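Scope of the values below: all heavy atoms of this structure, side chains included, with no hydrogens, waters or symmetry mates. If you're wondering where the values come from, they're calculated on a predicted model, not measured in any experiment. So that the names make sense, note that chain A is the first sequence line, chain B the second, and so on, each numbered from 1.
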Amino acid sequence: MDMKIIYNFCHCSLIVGVLFAVFAFESCTKLVEVDVPTDRIVDRNVYTNDETAIAVLNGIYINMSQPGTFTGTRSISLFAGLSADELALYDGIGGVHLNYYQNELSVTDGTGSEHWTPLYSYVFKCNAAIEGLQSATSLNPAVRQQLLGEAKFLRAFQYFYLVTMFGDVPIVLSTDYSVNERLARSPKEVVFKQIIADLEEAKSLLSTNYLDRSLQPYTGETERVRPTRWAAAALLARAYLYKGDYANAETQADLVINNAAMYDLTPINDVFLKNSLEAIWQLQPVTFGHNTEDGFVFVLPDSGPGIDENKGFYISNELLNNFEMGDQRKETGNWINNVTVDGITYYYPYKYKISELDAPVSEYLMVLRLGELYLIRAEARAQLNNISGAQGDLNRIRTRAGLPNINAIDKVSLLSAILHERQVELFTEWGHRWLDLKRTGNVDKVMSIVTPLKANGNIWRSFQQWYPLPFSDIQKGPNLVQNAGY
Amino acid sequence: MLLVNGLCCRLFNAFLLSLICLGSNAQAGERHLTIAGVEMPLKVVFRAIKKQTGFSVMYNTAITGINQDEKVTVDFKATPLNEVLTHLFKGKSLEWTYNDDVIIIYKKEERLPVKSYGDSTVTPLLLTGRVTDANGGALSGVTIQVRGTEQGTVTDANGRFELAKVPNGELLVISSVGFETRYLTVSGRSLLVQLNMQVSALDETVVIAYGTTTKRMLVGNISTVKGDDIARQPVNNPLFALQGRVPGMFITQTSGVPGGDVKVQIQGQNSITNGNDPLYVVDGVPFPAQLVRLGSLTQGVNGGSPLRLINPADIASIDILKDADATAIYGSRAANGAVLITTKKGMVGGLKWNINLLHGWSEVARKVKMLDTRQYLDMRYEAYKNDGIDWTEPSRAADDLKVWDTTRYTDWQEALIGNAAQYTNVNVSVSGGSPTSQYIIGGTWHREGTVLPGDFDDNKASVHFSLSGTSYNRKFSIQLSGNYMLDRNSLPGFDATPTAIRLEPNAPSIYNSDMTLNWAPDQSGRSTWDNPLAEYTLQKNKNNVNNLISNMLVGFKPTEEIEIRCSAGYINTQTTNVLTVPLAAVRPEERPFAFRSADYGNNSFNSWIIEPQILYKKSIGKGQFDGLIGGSIQQTSDNSSITTGIGHSNDLLLEDIKAATSLSVRSSSSLYKYNALFGRLNYNWDSRYIVNVTARRDGSSRFGPKNRFHNFGSIGFAWIFSEYDFVKRKLNMVSFGKLRGSYGITGNDQIGDYGYLSTYFPTYADIPYQGAAGLSVGSLPNPYLQWEKTRKWQMGLDLGFFKDRLLLNATYANNRSSNQIIEYGLPTIAGYSSIARNFPATVQNSSWEFTVGTVNLKRRLEWTSSINLTIPRNKLIAFPGIEESSYANTLIIGQPLGIIRRPHFLGLDPKTGLYQIADSHGDPTSRPVYPDDFTALINTLPKFYGGMQNNLSYKGIQVNFLFQFVKQRGLKSLYYSAGRFGPGRFARGQSNQPATVLDRWQKEGDKQPIQRYSTTSLSPGFATGSDAGYADASFMRLKTLSASWDLPDKWLQKIHLQNCSFYVQGQNLLTITGYKGLDPENQSIETLPPLRTITVGINTIF
């Protein structure tokens, strides 16, 4: 080989060598280090400080109080009310509301699964909070205990609506996506078991007092906007009732009802006021100029229902005709109000009375209230053949509504009276009617009459009592199966 | 480089000789001339020659001694040119040659002589100069002519020339076969001229990462689109000018709204979700592929493609880098290819003004046929009849039948998207320079209106400059360039297209008689419709963007072999928006329940990059060695906030943030740091073998601390076999032949910042919960994020025939992505619908790319064509554990990525008049079960696509046109219904149906394709959810056509212009397709289709 070529070859190798030497050098680590972001906070800094840990749960309450799954034009109260026999939809409103109203939910247009994703998103937030709080070491123990209780309570609350709307659902208890993406649906009984376990734990963790923003008992006016031991007991009573464990349902209801120092039935027009004596847990409105979003949706303007989906719902004839004569709840201006347009009178829910903007906030969104507890205990007692006890509880509610005592004396007619009382007491609250029809086995009987009325001759098919899962979740969850029929 | 020059010279000489041979053939010399006259000046004869034969006579006065005023007596009748010249130059010992359209006269035996400066024949006004190619190599045989005269000369072997008696201010035309003609004004006594080669498309400059090369020497797969081709198209985003031109690059315009979004894929879909964007580099500075979206403010159209912030008129060329060899030096960011945009630079020459004025009109090219009022009403009555409903009942809110005037008819497509949008562009630039410093400064004003009714527009003003300087000894160089654009956009944030399609034909008039908006109230005062103009015209949407892209390149050459340079770039994009919701836009009866509100947003995007580099060049043996090492340090920060104000006291105060009574703010900020070391070794042996090795080590802050660094690299080779004597002798029609191949690994880090961190965001509430703040967990963190690897290999063959008049190119590319970073889909039970993670599957994109370039005619009529075709194929190769993954039901190994599974459509049940779907056994069902019954597989990726371009020019008239073609399946957006509800239902503003629904089932036994009308059937359901929802969406489109006419030289001279041309340009002129909707490209009735634009303009250079 020519010397020159060898020389050049060496020259060349030298450069290659230098290149690779430079490449091997790793001093540039510093150049790709970024500070922690300024618009967010890294999780390890969240659960080290009482204030930020409290803020995590506040974040959940804020979201729950904003229009969405729990209130507003797409809430559980509204959709379940449309599905059942309590709400009517103004003719001409299309879209998702019509699908719910006509019990014609469809996987292809994605209707029916509106609440699935938000509910699991809340579950994720609860799981993240539980994981963070459980591993937290520097929080005030009392704060940590209360927050852990709140997170477990909230998780149970979310699962209650998942299992009652969708049937069998996957139980997600961690934030590990690699586990969660493969979960299959658990039978309803197992889900209820989980709900009860969470609530029992929450009950032992949560404070007996309503707490303020620093998780200290209130010194001034008490706001009932954070869950307490009583909220856990109230939801537990409901869960036991749904599960058919009536003895426990009665025991839990007793706990709350017997706390007379904190709770009492109020006159009907005071029930939904903020911090009402009947409130076990309320959500504080968070939107500027608004009272409750429910009031905003249900109270109709003088022009009556309109094409706007904010103002297109009113009380169905089925519900209206089910009120007994003299029921104060039906009286104009109490829990029902009306507006007449073109000779047609529209009756609308008036539990929350304020829809005006900028009115002082005097109503909070009621989540759990004493009235329901009486009805739970009445039903549990009836099931346990405590007829007089059941009558007594039922009559508390009827008396308040200005109605005479019940004359049903056997279990069957009493249960039927309780179902009726729940319909007229709890209407447009949290989908109670829809869930009651399903859990008491009356759904096919009632809906096979109601659906054709709502949907112009469509027939009711039993599978329609369960809402469909989102199509994309069926696609992406290898072990998720759709509800039968969809 | 010397070798390259040598080669170019040789090639050029060969080419020139061949032309001379061609020219000297009998044809040219035997053209006939007829002229007669006594004592006629020679120049008159020359003029006659020019006029009758097309040949200009060219000579060096000093050398040939020709005096154009010499009187001659001639009498020729159809005499061959050779005879005429022999007669004219009798006894003068001159010879001549025919060169293209020039007769060059020179002294016998003293061909192209050089005059020394001391020569006595030199006149005081002697002009001397030298002509070189772009690389500084001497060009011989270049003709230099004083325009408008016969005076001229040609350069000698050293590229030198002399011209006597040329006064200052004269215009020189410097031309040579195969080079772009240049015009220069004489000032001073010497000239240095560079000509850009046009010898063969093979010698055009190609911009590569950190350098340039030529197509001939290119190892990688790079396509270049020249500024001329971009300038010929009336487009507001340079990406649209690439449609149909670049093999392997598929561009979809998803909206026709100015500044709308563009989807770009290079060599296929790598990623199942996002992150398919290529790397954009503007003058060496990486440019964001996506603009940050500011909450509600960009829900409309203003997010768009950031490339709209680059003025197409300022672009000199766009180079698309596709394979590993071309892209691996960009390492982690080039898995989807790279798009290098080079802006215009100044050129050596006198001060030159270029003024371009253009005005035009854009419109929706195609309307769809919807029901008219009669048909619509009949549909409604029939639907009620089918359902057995009496629509006259008071509870039936059939406002379309009860309240609205049933005799009214409005063509809403005409009313809402039927306007001709005005389109104006004014561009002025000044350029020039000496051999040591060049400059260009340009300004553009661009205004685009809208097809919506109302007075909105998008105004863009931009300034571009580039300054470059070199020291006399050429050791130091500096280049500074900048682009600054102000965009003032007031176009509505909503797209009127879906309303225009679906609004009922008898819907009320937009205005009342007093010109207030009509809400068509019923008796109780309730509005019966949403006046479409309330949204489009009353809500103000102002979007201001200031965008700066700047770049500086400093170079130092201590020796001939080494160059040290540093490039530094800075990008700053400032965006502010206001979106107002005045009370006047709300239905009157709802105003008591509504607040006025406005969103005020601002975003600041800053990015800087510094890239020091060392280049080394050396001849080793018969070869040339080129080395490059460099480093890259980049930092990008992005800060935005959006403030929502409500409770203003008056609609007129909405744009004023302090008039709001309540404010809420959301903000975000992020920081991205990136650095790299890179190198490239290139060895070119005797212009026959080229080897190219690149390597890069990247670090990115987007990954967790353990995975921040990664190595990428490639190796490429090219074998130019046409340089072999064997080929030259035996296959002489093959003028060029190259085989090339490359293999390498690139990556992608197109994920959000901080994806590895688990973070909490503040939860905003107008009224804090219990007066305290809230926090929400941000996203699913993934601390295990790793670099993606895309392995690319490809082979290509480039062939030139008939002296490169026919150029063929075929490339096979095979890219496999593994460990891709994607937004991995999750069932929402996991809390989120996706997580940024490495995708365990391997995806293969293979494609065949072909291009054919031909010079069909090269006479007075010049005609060149180019055709490109891409046949892509996408395939999921492997996916370990697919059954247990969230893609178990959506992906199929061996099938393309993102294949769509649908149940099969069976048509109508003639008994019930309802649509039927097949179950897995093919039996009809109304409720197909997922996934078993979803048996039809639909692939919406294109089967093949490409373009055909033709350029014709004849005597100053130029015509260019480009057809784009795509073969694909797409979403049938308008057939079974208007997409939302089945025919017969009334939902305000959404009930009209395409005329195709007339073909419906009416009674038992009917076999019509459309389901029975009904007021309750909620949706077309599985008809659109089945395979019937997809149809052929192939199209062939006359994408662009431009015609221009240059004023003849004679006229130009009189008005003292270098050039002046008038032109007409059109975009999206004609579409041939079987597709039924508005447009097969965006396949949507929810967004405005790509518009047809026609412009007229004038371009002046002086």
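No more than 12 heavy-atom neighbours from other residues, nucleotides or ligands sit within 6.0 angstrom of OH on Tyr784(B). For Gln523(B), the CD atom sits in a loose shell: 12 or fewer heavy atoms of surrounding residues, nucleotides or ligands are nearer than 6.0 Å.
Put simply, the side chain of Arg213(A) never gets that close to the backbone of Ala772(B): no donor and acceptor are under 3.5 Å apart.
Looking at Pro931(B), neither its backbone nor its side chain comes within 4.5 Å of chain A, counting heavy atoms on both sides. Proximity to chain A involves both the backbone and the side chain of Leu826(B), based on heavy atoms less than 4.5 angstrom apart. With a 4.5 angstrom heavy-atom cutoff, Pro521(B) does not touch chain A via any of its atoms. Contacts of Ala594(B) with chain A are made by backbone atoms alone, with heavy-atom separations under 4.5 Å and no side-chain atom involved. With a 4.5 Å cut-off on non-hydrogen atoms, Leu211(A) touches chain B through its backbone but not through its side chain. For Arg837(B), the part lying near chain A is the side chain, with the backbone staying farther off; criterion is any non-hydrogen pair under 4.5 Å. Looking at Leu671(B), both its backbone and its side chain come within 4.5 Å of chain A, counting heavy atoms on both sides. Proximity to chain B (any heavy atom under 4.5 Å) is shown, for Pro118(A), by neither the backbone nor the side chain. Proximity to chain A (any heavy atom under 4.5 Å) is shown, for Gln634(B), by neither the backbone nor the side chain. Both the backbone and the side chain of Tyr769(B) come within less than 4.5 Å of a heavy atom in chain A. Gln66(A) touches chain B through its side chain: at least one heavy atom from C-beta onward sits under 4.5 Å away, while N, CA, C and O do not. For a residue to count as touching a neighbouring chain, one of its non-hydrogen atoms must lie under 4.5 Å from one of that chain's; by this rule Phe471(A) touches chain B with the side chain only. Only the backbone of Asp753(B) comes within less than 4.5 Å of a heavy atom in chain A; its side chain stays farther off.
Chain B forms the most heavy-atom pairs under 4.5 Å with one residue out of Val361(A), Leu357(A), Asn45(A), and that residue is Leu357(A). Chain B forms more heavy-atom pairs under 4.5 Å with one residue of Arg226(A), Arg44(A), Glu223(A), His290(A) than with any other, namely Arg226(A). Annotation: maximal heavy-atom pairing with chain A below 4.5 Å, among Ser700(B), Ser667(B), Pro762(B), occurs at Ser700(B). Taking Ala53(A), Pro470(A), Ser303(A) one by one and counting their heavy-atom pairs under 4.5 Å with chain B, the maximum is reached by Ser303(A). Ranking Ala765(B), Gly525(B), Ala888(B) against chain A, the residue ahead of the rest is Ala765(B), based on heavy-atom pairs under 4.5 Å. Of all the listed residues (Tyr683(B), Tyr674(B), Phe595(B)), the one sharing the greatest number of non-hydrogen pairs under 4.5 Å with chain A is Phe595(B). The candidate from Ile60(A), Leu283(A), Thr175(A), Asp302(A) with the greatest count of non-hydrogen atom pairs under 4.5 Å with chain B is Leu283(A). With chain B as partner, the option from Asn180(A), Asp43(A), Val123(A), Ile474(A) having the largest number of non-hydrogen pairs under 4.5 angstrom is Asp43(A). Here Asp342(A) is the residue among Val341(A), Thr111(A), Asp342(A), Asn479(A) with the most heavy-atom pairs under 4.5 Å with chain B.
Considering only heavy atoms from C-beta on, Phe986(B) stays 4.5 Å or farther from Asp91(A) through its side chain. Side-chain contact check for Ser776(B) versus Asn63(A): some heavy-atom pair is nearer than 4.5 Å. With contacts defined as side-chain heavy-atom distances shorter than 4.5 Å, the pair Asn58(A)/Thr763(B) does not qualify. Side-chain contact check for Leu480(A) versus Pro827(B): some heavy-atom pair is nearer than 4.5 Å. Side-chain contact check for Tyr764(B) versus Ile62(A): every heavy-atom pair is 4.5 Å or farther apart. No side-chain heavy atom of Pro592(B) sits less than 4.5 Å from a side-chain heavy atom of Glu356(A). Contact annotation: the side chain of Tyr887(B) never approaches that of Gln475(A) to less than 4.5 Å [non-hydrogen atoms, C-beta and beyond].
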Please assess Tyr760(B) against Val42(A) for the test side-chain contact (heavy atoms from CB on, under 4.5 Å), listing each intermediate value before the final yes or no. CA-CA 6 Å; Tyr760(B) 281 71; Val42(A) 178; over 6 Å; no
Evaluate Tyr120(A) against Tyr832(B) for ring-ring contact (aromatic ring centres under 6.0 Å, His included), listing each step before the verdict. CA-CA 8 Å; Tyr120(A) 271 108; Tyr832(B) 290 87; over 10 Å; no
Test side-chain contact (heavy atoms from CB on, under 4.5 Å) on Leu183(A) and Ile829(B); report intermediate values, then the result. CA-CA 9 Å; Leu183(A) 289 175; Ile829(B) 57 170; 4.2 Å; yes
As a quick check of understanding, evaluate side-chain contact (heavy atoms from CB on, under 4.5 Å) for Phe124(A) and Leu780(B), giving each step before the final call. CA-CA 10 Å; Phe124(A) 180 85; Leu780(B) 278 176; 3.3 Å; yes
Can you list the steps and then say if Val46(A) with Val777(B) is a side-chain contact (heavy atoms from CB on, under 4.5 Å)? CA-CA 10 Å; Val46(A) 171; Val777(B) 58; over 6 Å; no
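Checked against salt bridge (charged side-chain N to carboxylate O under 4.0 Å, His left out), Asp473(A) has no partners two or more places apart in sequence or in another chain. Scored by the side-chain contact (heavy atoms from CB on, under 4.5 Å) test, Ala660(B) finds His648(B), Leu663(B) as partners (sequence neighbours excluded).
Annotation: the span from Arg182(A) atom CZ to Ser885(B) atom OG amounts to 7.5 Å, rounded to 0.5 Å. If you take OG1 on Thr759(B) and CD1 on Ile41(A), they are separated by 10.0 Å, rounding to the nearest 0.5 Å. In this structure, the separation between OG on Ser472(A) and CG on Asn889(B) is 12.0 Å, given to the nearest 0.5 Å. Once rounded to the nearest 0.5 Å, the distance linking CD of Glu884(B) with CD of Glu181(A) reads 8.5 Å.
Heavy atoms only, all atoms of each residue included: Ser670(B) and Arg40(A) are closest at CB-NH2, 4.4 Å. Across every non-hydrogen atom of Gln284(A) and Gln770(B), the tightest pair is OE1-N, 2.7 Å. In this structure, Phe288(A) and Asp766(B) approach most closely via the heavy-atom pair N-OD2, 2.8 Å. Heavy atoms only, all atoms of each residue included: Phe593(B) and Pro301(A) are closest at CE1-CB, 3.5 Å. Smallest separation of non-hydrogen atoms from Lys476(A) and Gly825(B): CD-C, 3.9 Å. Smallest separation of non-hydrogen atoms from Arg985(B) and Leu98(A): NH1-CD2, 3.1 Å.
In this structure, Tyr486(A) has its ring center at least 6.0 angstrom away from the ring center of Tyr930(B).
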